[in-house]
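The sequence lines fix the lettering, A, B, ..., with proteins before strands; numbering per chain opens at 1.
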Amino acid sequence: MTDQNKTPATAQPDWARFLARESFIELDAMGRARAVLDPGTFRMLLGPFDRLKSPWLPLQNIVTQADDGVVLARGTIDGQPAVVAAIESAFQGGSMGEVSGAKIAASLELALADNEKGIPTRAVILFETGGVRLQEANLGLAVIAEIHAGIVALRRHVPVVGVIAGMVGCFGGMSLAASLCSSLIATRQGRLGMNGPEVIEQEAGIEELDSSNKRLIWQLIGGEQRQAIGLVDTLVDDDAAAIASAIRAAFARGVPARHRSAQVEDYLAKLAAIDPASPLEPNALRTLWGKGDHE
Amino acid sequence: MSDTVPFESRGRIWLRALAGTEGSPSFGKDSVLQADVALGDHSARLLAVVPDPRNRFPRARNGEVGLEEGWTLAKAVRSVIESDHDGARRPIIAIVDVTSQAYGQREELLGIHLACAAAANAYAEARLAGHPVVALLVGKAMSGAFLAHGYQANRLVALDAPGVLVHAMGKEAAARITRRPVAELDALGEKIPPMSYDIKNYAKLGLLHALIAGVNADAPTPADVAAVRQVLIDAVADILLSGKRDLSTRLNSPAARVLRAASIEVRRRLAEQWAGPAAASGT
Amino acid sequence: MEILKYDYPAATKAFSHRAHVGVVGSGDLEVLIEPSPDQGAHVVITTSVNGFGPIWKNVIDRFFTRFDQAAAIEINDFGATPGMVALRLEQAVERSRS
């Protein structure tokens, strides 16, 4: 299998492969969606010429983008019908507004309707988002709840696969969406956390977390750590082909017997073993929690 | 709990008032309360997250949804699903007064996002399994904490009272981050309803099933409790009547047709484009 | 935020394709180009930076010294330099041909 890359950072990298790869991180949302689908099957939905833009940003004198920062595309993955939602991080930090969020929620709802009719449409979400778009506050929060609902309903039929490639990462309410996915793929450049480091520092003080300590942040919420403690399933290199094949492997595994977000007793036991009064090093947690028992 | 007076909180007040109990019946953790209430013909399960000044996780002592609160809520909801598996699906009422998710280094490391997702997951599965799920907003319904505890409900109902609010970010933090004075944020909220901290403006978004006026949120009278109980009974009846287990009612209200017109338009246009030109020509 | 509109009635050659390039991100812009609804060309610019009307006019005028087709162009700008704007316009035309 191409995933579960355990190469330590100190090992000699495979330069030939490294130089031949196509960076996924450097692709825009459309390029990413295209890279994920079977070649030649990409068909964009609600593209820029449909001009479904944010109705709320112009009221605050903020320039809109014609697709509100989410590229939706249909096509196939391993020959099966699929929909991909790719978030464009360059527009408003990939934040979820009414329209961008509704695009993702609606695509999950239509994929569910397909499955209920016997068409096994599968879904991939390419996360790159700070969470709610503050200028659309409560509607951003509302659509994120609808995305959660859409993932939970759809993943009973087919896997919903999430990818966190970087460099923005996945935060806020969308970090919950990522955790609800049947399978989660990340690169070392991807970060997954609920509260951004700056927000934690602001809410809880610098003694709780110094957001300028980048090394610590990566140790806490970077893709490698997340995979090492079982909160991400597959760690991949920043390589479009590797990500495409990890997505296919995730679909090949099928719907997990028990999704990670449903492993209640396991995680309550894991938390019970933690003493909040003692310091906890990210590396120590790797030993304590090990790899996820997911699948 | 004997040597300290538990923090009063609206979650605790309303859970006790509706259940008619004096104590604070916790579910595995002092910050997660569970009780039952008769709602017409149904017995409903009430769940609330409340402050616990002795919470072993210090960042979750003020009514935040922390690591253990998220997973414990998930366990509580799932226990209802499991015990009703072969029988009538009990209504589940999430009493919402949650200040935020827990902010902390330890929380991030240990996956606060997954803990909150687990709770949202459990509520969504209860709804999909046919449990009527109602969120009763009696205080703050903030951001990720509300996503975990309440936002997956079939129906949202709220007290129209000071201190009841839904938002993605606390007002002070939002003022800092957007570099706007708090007064300006309030003015903006009047012009742009999704930005507002006022529950009446939230109601304009069409997401609420009912806004309950004339109730004392901090010290409910028996008449207040009866009024709220009746709204919950009506909400459960409305869920069962609709037969729907998804969140589509949030887009069907008259208010949503105005202020969430874009959400509705996205769904309409996407449905048109979904099958593609090949399928449109028909087989 | 400022909205600027320019018309080029002399640009009448038929334009039949459409293309989209760019993103409304820091220092960048998106360009949507498609057939004009009438005989001439039209440009609508929404920019995050106020007070640069004359510079925009200059960049767009220069573009239309070489481009003579009846296209409708929408530009959504997030602080791009004139050089970036010119580049995105060229890319949009190029992509509309492919």
Side-chain angles (χ1 to χ4, degrees), chain A residues 43 45-46 50 52 55-56 59-60 72 74 98-99 102-103 106-107 109-110 132 134-146 148-149 152-153 172-173 175-176 179-180 192-195 199-200 202-204 208-209 220-221 231 259-262 264 267-268 271 274 276 280 282 285, chain B residues 56-59 67-68 71-72 74-75 78 101 103-106 108-118 120-121 124-125 128 143-144 146-147 151-152 166-169 173-174 176-178 191-192 194-196 202 205 207 246-247 250 260 262-263 265-267 269-271 273-274 276:
Chain A
R43 178 170 68 87
L45 308 174
L46 302 186
D50 287 292
L52 288 170
W56 308 104
L59 300 177
Q60 297 165 67
L72 287 184
R74 293 215 58 194
E98 180 187 9
V99 170
K103 286 171 78 169
S107 66
E109 290 160 14
L110 286 165
V132 172
L134 279 183
Q135 296 91 345
E136 308 191 26
N138 270 333
L139 285 180
L141 197 65
V143 290
I144 288 176
E146 288 165 6
H148 295 168
V152 174
S175 68
L176 280 62
S179 303
L180 290 169
L192 170 63
M194 187 160 189
N195 306 299
V199 180
I200 296 174
Q202 224 165 38
E203 295 286 329
E208 177 66 32
L209 182 65
L220 290 171
I221 62 172
L231 299 189
H259 279 85
R260 182 185 290 107
S261 58
V264 179
Y267 275 94
L268 278 171
L271 287 173
I274 302 289
L280 179 60
L285 189 64
Chain B
R56 70 189 197 101
F57 283 92
R59 312 267 6 143
L67 292 159
E68 291 189 320
W71 285 109
T72 302
K75 182 175 178 172
R78 286 180 183 278
Q101 63 273 25
Y103 295 99
Q105 184 178 142
R106 188 180 309 272
E108 291 306 316
L109 180 61
L110 296 170
I112 180 71
H113 64 287
L114 179 59
C116 287
N121 185 164
E125 275 186 27
L128 291 169
S143 193
F146 186 32
L147 291 174
Y151 231 162
Q152 286 302 315
V166 181
H167 216 273
M169 183 175 272
R176 274 198 306 271
I177 286 173
T178 61
K191 193 176 97 177
I192 301 166
M195 295 281 285
S196 177
Y202 181 77
L205 305 179
L207 295 154
D246 59 21
L247 301 181
R250 293 185 193 173
R260 292 191 75 199
S263 301
E265 182 69 358
V266 164
R267 284 170 169 83
R269 302 262 293 274
L270 189 63
Q273 296 181 14
W274 186 254

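Contact of B:A262 with chain A is made through backbone and side chain together, with heavy-atom distances under 4.5 Å. With a threshold of 4.5 angstrom between heavy atoms, B:R78 approaches chain A through side-chain atoms but not through N, CA, C or O. Only the side chain of B:L207 has a heavy atom closer than 4.5 Å to any heavy atom of chain A. Looking at B:Q101, only its side chain comes within 4.5 Å of chain A, counting heavy atoms on both sides. Both the backbone and the side chain of B:T72 come within less than 4.5 Å of a heavy atom in chain A. Of the two parts of A:E136, only the backbone, made up of N, CA, C and O, holds a non-hydrogen atom closer than 4.5 Å to a non-hydrogen atom of chain B. For a residue to count as touching a neighbouring chain, one of its non-hydrogen atoms must lie under 4.5 Å from one of that chain's; by this rule A:L46 touches chain B with backbone and side chain alike. If you measure heavy-atom distances from B:L110 to chain A, the contacts under 4.5 Å come from both the backbone and the side chain. The parts of A:P282 that come within reach of chain B are both its backbone and its side chain, each placing non-hydrogen atoms under 4.5 angstrom from that chain.
No side-chain heavy atom of B:E108 sits under 4.5 Å from any side-chain heavy atom of A:L209. Contact annotation: the side chain of A:I200 never approaches that of B:Q105 to less than 4.5 Å [non-hydrogen atoms, C-beta and beyond]. Side-chain contact between A:V132 and B:S143 is absent, with no heavy atoms from C-beta onward closer than 4.5 Å. Here the side chains of B:N121 and A:R260 are not in contact, with every heavy-atom distance at 4.5 Å or above.
Separating the CD atom in A:E146 from the CZ atom in B:R267 is a distance of 5.0 Å, to the nearest 0.5 Å. Between atom CD of residue A:E109 and atom CG of residue B:L247 there is a gap of 8.0 Å, rounded to the nearest 0.5 Å. A distance of 10.5 Å separates CZ in B:R269 from NZ in A:K103, rounded to the nearest 0.5 Å. Between the CD atom of B:Q273 and the OG atom of A:S107 there is a distance of 12.5 Å, given to the nearest 0.5 Å. The CZ atom of B:F146 sits 7.5 Å away from atom CG of A:L141, with the distance rounded to the nearest 0.5 Å.
Per-residue heavy-atom pair counts under 4.5 Å with chain B were compared for A:G173, A:P55, A:A145, and the maximum is reached by A:A145. Interface check for chain B: of the options A:L139, A:L268, A:L59, A:L134, the most heavy-atom pairs under 4.5 Å are formed by A:L139. Contact count against chain A (heavy-atom pairs under 4.5 Å) is highest for B:L270 among B:L270, B:I112, B:D246, B:L205. For the set A:L220, A:L110, A:L52, the count of heavy-atom pairs under 4.5 angstrom toward chain B peaks at A:L110. Contact count against chain B (heavy-atom pairs under 4.5 Å) is highest for A:A149 among A:A149, A:G193, A:G172, A:A153. Listed options A:V264, A:L180, A:N195, A:I144 were ranked by heavy-atom pairs under 4.5 angstrom with chain B; first place goes to A:N195.
The two residues A:E208 and B:R59 come nearest to each other via the heavy atoms OE1-CD, 3.3 Å. Nearest heavy-atom pair, B:R260 versus A:E98, reported as atom, atom and distance to 0.1 Å: CA-OE2, 3.3 Å. Residues A:S261 and B:L114 share a closest heavy-atom pair of CA-CD1, 3.9 Å. Considering every non-hydrogen atom in both B:H167 and A:A137, the closest pair reads CE1-CB, 3.4 Å.
Just one residue in the list A:I274, A:I221, A:L285 forms a side chain to side chain contact (heavy atoms under 4.5 Å, CB included) with B:L109, and that residue is A:L285.
By the side-chain contact (heavy atoms from CB on, under 4.5 Å) test, B:R56 pairs with A:P276, B:E68, sequence neighbours left out. Listed by chain and number, the residues in a side-chain contact (heavy atoms from CB on, under 4.5 Å) with B:A124 are A:V152, B:R127, B:Q152 (sequence neighbours excluded).
Side chain of A:N138 to backbone of B:Y202: no donor-acceptor contact under 3.5 angstrom is found.
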